[in-house]
2 protein chains.
Amino acid sequence: MARQSKSKGRTLTSKGRQRRSQILSYATVRFASDGYHPTSVADIVGGLGVGKGVFYWYFESKEQLFLEILRDAQKDLRRYQRDSIADLTDPIERIEAGIRAGVIWMADNPELRRLFEFARSEDTFARSMKVGEATLISDAAEHLRIAIDAGRIPCRDPEALAHGIFGVTNQLTMAYIDHGDGDPAEVADLVVSICRNGFAGLSDQLTGDSNSADVIVNPAWSRTV
Amino acid sequence: MARQSKSKGRTLTSKGRQRRSQILSYATVRFASDGYHPTSVADIVGGLGVGKGVFYWYFESKEQLFLEILRDAQKDLRRYQRDSIADLTDPIERIEAGIRAGVIWMADNPELRRLFEFARSEDTFARSMKVGEATLISDAAEHLRIAIDAGRIPCRDPEALAHGIFGVTNQLTMAYIDHGDGDPAEVADLVVSICRNGFAGLSDQLTGDSNSADVIVNPAWSRTV
DNA sequence: GGTGGACTTGACCAGTTGGTCAAGTCCCGT
DNA sequence: ACGGGACTTGACCAACTGGTCAAGTCCACC
């Protein structure tokens, strides 16, 4: 009589929904602090003080649990970024706001950042990660393309630029927030500044309102091309 | 009579040294393709067709083996980068050559890049990784500092710039070489170009020899700061 | 107050894990 | 040809793995 053979599609009461998300969030913390493989299902249910059957009542497997954590996290990041740029129309403002949102989200969710990093490194989960990453990248690339078409930034491969932004965001967040104690808003400024100008471009500390055009960097490096 | 209790410091014959590096390189491949945890010591010795004792004759533990792989790889990358910039004196040329060397090395050693990525994600190995990364970062930062002092690039925090370069290199290598089939030399150019100019800076496709100063990008974004 | 489905328990399973070790084999220097 | 140290074997170990399941308990609804 149409019974699901697996935990998928179980009818949950409010107590059940509560338990499910309790497992989800506790597992997230453990996976992030000890690693996915070293954290056993026994560790999870043990830490929660419940029997092992509880785990398998709510989740098909440890792997499915992890994939769900990843999916939820990617969705949350994307929604946060979308909301943060929602009322901006200028493409460059949108790009910058997106970068800032990315940094802030990662600062707010360091466990999830770590999980992303692990997931990228193992084949089993890399596929799932690539989907979400590709979406992030192509969203950013689209804004970059618009800005290029409008002549607001120089012509370059928007996808490559988007990857660059992604890489800078990741690395600086990791260095200054995860492994340091930087203020997220300041780190976001730093990321925006680096993404915008690179190391040889104009520094925005130098761009005043009138004299920005005067600040000319010795362009000797152009000989090295 | 002063016998080492562990495999450290064992006196190896040439056959022994050969076996040792055979294990080292086979383990590297397996760790990279299946992940560190999913690859058991039994998998390694099984794949090599030798008894388990062989493994523990040459290595203290699976963990020590992995740490040695990481240490060697970091050393190799660093040496490659050092050699690549050895006969350059201009700080900006050195930075660019270092970036290119980083991309090329990663393209040549995709397994090691994956291992680095996993190692960063797990506490046990993160400490070891941070040491090597910090060296890379501070080397690059030093060149950036010199370039800044010489007025060759605008004043910015050199360490932050170094992190930015590191992030862009990682991400683009991963996207276009590991997960794509880009030509390493072209990807290196792309990374250099993005690191140098960011998304709003001058595109080097546009920088001719004489008219580079004429190419002025609409600086409307400066209003958004 | 009884019925049925949501929920929980923990013993149990077969397979695997990293690691040990007594018992060898191989081979070089004498 | 023999002593000894480098090297190899694979059975063995205790601990643990992800996952199952019969036997419950709990509680909302009739």
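Quick note: numbers below take in every heavy atom, side chains included, and nothing from hydrogens, waters or symmetry partners.
Straight-line distance from the CZ atom of B:Phe59 to the P atom of D:dC7: 12 Å, rounded to whole Å. One can place NZ of A:Lys15 at 9 Å from C1' of D:dC27, the figure rounded to the nearest angstrom. Rounding to whole angstrom units, CZ of residue A:Phe66 and P of D:dG18 are separated by 13 Å. One interatomic measurement links the two molecules: OH of B:Tyr58 to C1' of D:dT8, which rounds to 9 Å at whole-angstrom precision. Taking atom CD of residue B:Glu63 and atom P of nucleotide C:dG19, one finds them 8 Å apart after rounding to whole Å. A straight line from CH2 of B:Trp57 to P of C:dC26 spans 16 Å, rounded to a whole angstrom. Put simply, NZ on A:Lys62 is 12 Å from C1' on D:dC16, counting in whole angstrom units. In this entry the distance linking OH of B:Tyr56 with P of C:dG18 reads 6 Å, nearest Å.
Pairs engaging residues 171-199 of chain A under the ring pair (Phe, Tyr, Trp, His ring centres under 6.0 Å) rule: A:Tyr176-B:His163 [sequence neighbours left out].
Shortest non-hydrogen contact noted between A:Leu67 and A:Ser128 is CD2-CB, 3.8 Å.
The cationic atom of B:Lys62 (NZ for Lys, CZ for Arg) does not lie both less than 6.0 Å from the six-membered ring centre of B:Phe55 and within 45° of the ring axis.
A side-chain N or O of A:Arg19 and one of A:Gln22 form a donor-acceptor pair less than 3.5 Å apart.
Each of C:dT9, D:dG18, C:dC7 was ranked by its minimum atom distance to the side chain of A:Lys52; first place goes to D:dG18. Closest to the side chain of B:Thr11, out of D:dA6, D:dT9, C:dT8, is D:dA6.
Residues B:Arg114 and A:Asp123 are paired through a salt bridge, judged by an N-O separation under 4.0 Å between the basic side chain and the carboxylate.
Toward the 5′ end of DNA chain D lies the nearest nucleotide of B:Ser14, the other residue of the pair A:Val54 and B:Ser14 mapping further downstream.
How far OH of B:Tyr80 is from CD1 of B:Ile104: 5.5 Å, rounded to the nearest 0.5 Å. A distance of 11.0 Å separates CZ of A:Arg94 from OG of A:Ser84, quoted to the nearest 0.5 Å.
Within a heavy-atom distance below 4.0 Å of DNA chain D, the residues of residues 16-48 of chain A found are A:Thr39, A:Ser40, A:Val41.
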